[in-house]
Amino acid sequence: MKKTRHLTNPKLTNLRFKPEPIRKFKKHPHVTHPNDIISKDRKGIARFNFWLAVKITNGVGTMWCAYAFLILDLLMLPPVIQANNIIIWVTYIAQTVLQLVLLPIIMVGQNVIQAQNEAKADTDHKTLTYLSTLQDEQMQELKNQTKMLRELQELLSKKQS
């Protein structure tokens with residue numbers, strides 16, 4: 001497809017109209033990224049507590065931690081078998097298997113889902129920012145066209161007078 005070049009109307013070249021440049025925004029002034037909302041300035045002990053909680057959560061929420069807890073769980077299995085008591089079996093399953101082994105596995109699953117949600121939120125944010133910037137550009141173009149039409153109208157009214 002051949003590109004065509006727009007020709008300027010000779011009657012319009014004498015106009016003093018110069019369109020205002022369209023601004024390109026890297027960050028849109030009215031669209032806030034979700035990460036900017038989440039990150040808060042923490043100071044003192046709150047900063048340390050936040051850091052420690054994130055480190056522990058990231059450590060426990062791995063499959064390696066689940067494997068380690070499974071080995072620990074299996075080491076506790078022989079005494080449970082020897083006890084031959086239903087209460088000890090229920091306690092073993094409820095406290096050791098469900099809490100110790102499944103907790104890291106559930107955390108890994110939640111981390112995977114969270115990563116997918118963050119990717120979607122980031123894509124949505126980029127789309128909204130693009131659309132907002134596009135809308136700003138279109139509004140600027142409309143203002144430029146309105147300005148040009150008014151100047152043309154003034155020129156025609158002067159010509160008819």
Side-chain angles (χ1 to χ4, degrees), residues 1-73 94-95 97-161:
M1 189 174 209
K2 186 178 177 183
K3 288 186 176 181
T4 58
R5 186 179 155 146
H6 294 287
L7 299 175
T8 306
N9 187 335
K11 293 180 181 178
L12 297 178
T13 54
N14 295 335
L15 293 177
R16 292 169 287 144
F17 174 75
K18 292 180 183 172
E20 296 176 20
I22 299 170
R23 295 178 293 176
K24 300 282 184 185
F25 294 109
K26 288 185 180 177
K27 280 189 166 186
H28 193 274
H30 303 296
V31 180
T32 305
H33 196 279
N35 290 341
D36 296 338
I37 296 170
I38 293 170
S39 63
K40 296 178 182 176
D41 293 331
R42 293 176 182 86
K43 295 179 182 169
I45 193 72
R47 183 177 178 188
F48 172 76
N49 288 340
F50 181 79
W51 174 83
L52 184 61
V54 169
K55 290 293 180 187
I56 291 172
T57 302
N58 287 339
V60 173
T62 63
M63 286 306 295
W64 292 111
C65 188
Y67 298 143
F69 286 169
L70 179 63
I71 291 169
L72 182 64
D73 183 40
Q95 290 181 348
V97 176
L98 294 178
Q99 291 179 6
L100 200 60
V101 177
L102 289 182
L103 176 67
I105 295 171
I106 291 169
M107 290 176 71
V108 169
Q110 287 178 337
N111 289 340
V112 170
I113 292 169
Q114 180 181 356
Q116 292 171 344
N117 288 339
E118 286 177 2
K120 183 182 182 314
D122 193 49
T123 302
D124 290 347
H125 171 73
K126 288 177 182 175
T127 302
L128 287 173
T129 303
Y130 171 76
L131 291 174
S132 295
T133 304
L134 184 64
Q135 184 180 14
D136 289 346
E137 291 172 358
Q138 289 172 341
M139 289 305 295
Q140 187 63 47
E141 280 295 318
L142 287 173
K143 288 176 184 176
N144 289 342
Q145 288 176 1
T146 303
K147 195 175 188 182
M148 183 184 279
L149 288 172
R150 284 185 183 144
E151 288 187 19
L152 282 172
Q153 190 175 20
E154 288 174 16
L155 184 67
L156 284 174
S157 65
K158 286 179 185 176
K159 197 173 188 179
Q160 289 175 355
S161 307

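Side chains included, hydrogens not; waters and symmetry mates left out as well; all remaining heavy atoms used.
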Are the side chain of Ser132 and the backbone N or O of Thr129 linked by a donor-acceptor pair below 3.5 Å?
no

Would you call Gln140 and Asn144 a side-chain contact if the rule is heavy atoms closer than 4.5 Å?
yes

Any Ile105 side-chain heavy atom under 4.5 Å of Met63 side chain
yes

Rounded to the nearest 0.5 Å, what separation is found between the [atom1] atom of [X] and the [atom2] atom of [Y]?
X	Y	atom1	atom2	answer
Gln135	Leu142	CD	CG	10.5 Å
Lys55	Phe50	NZ	CZ	11.0 Å
Glu154	Lys159	CD	NZ	15.0 Å
Leu156	Leu152	CG	CG	6.5 Å
Thr127	Lys120	OG1	NZ	9.0 Å
Leu134	Glu141	CG	CD	11.0 Å

For a side-chain contact (heavy atoms from CB on, under 4.5 Å) check, start with the C-alpha distance between Val60 and Met107, then their side-chain angles and the critical distance, and finish with the verdict.
CA-CA 8 Å; Val60 173; Met107 290 176 71; 3.8 Å; yes

So if I apply the side chain to side chain contact (heavy atoms under 4.5 Å, CB included) rule between Gln114 and each of Gln110, Gln116, Glu118, which one comes out positive?
Glu118

Shortest non-hydrogen contact from Val108 toward Gly61:
CG2-O, 3.3 Å

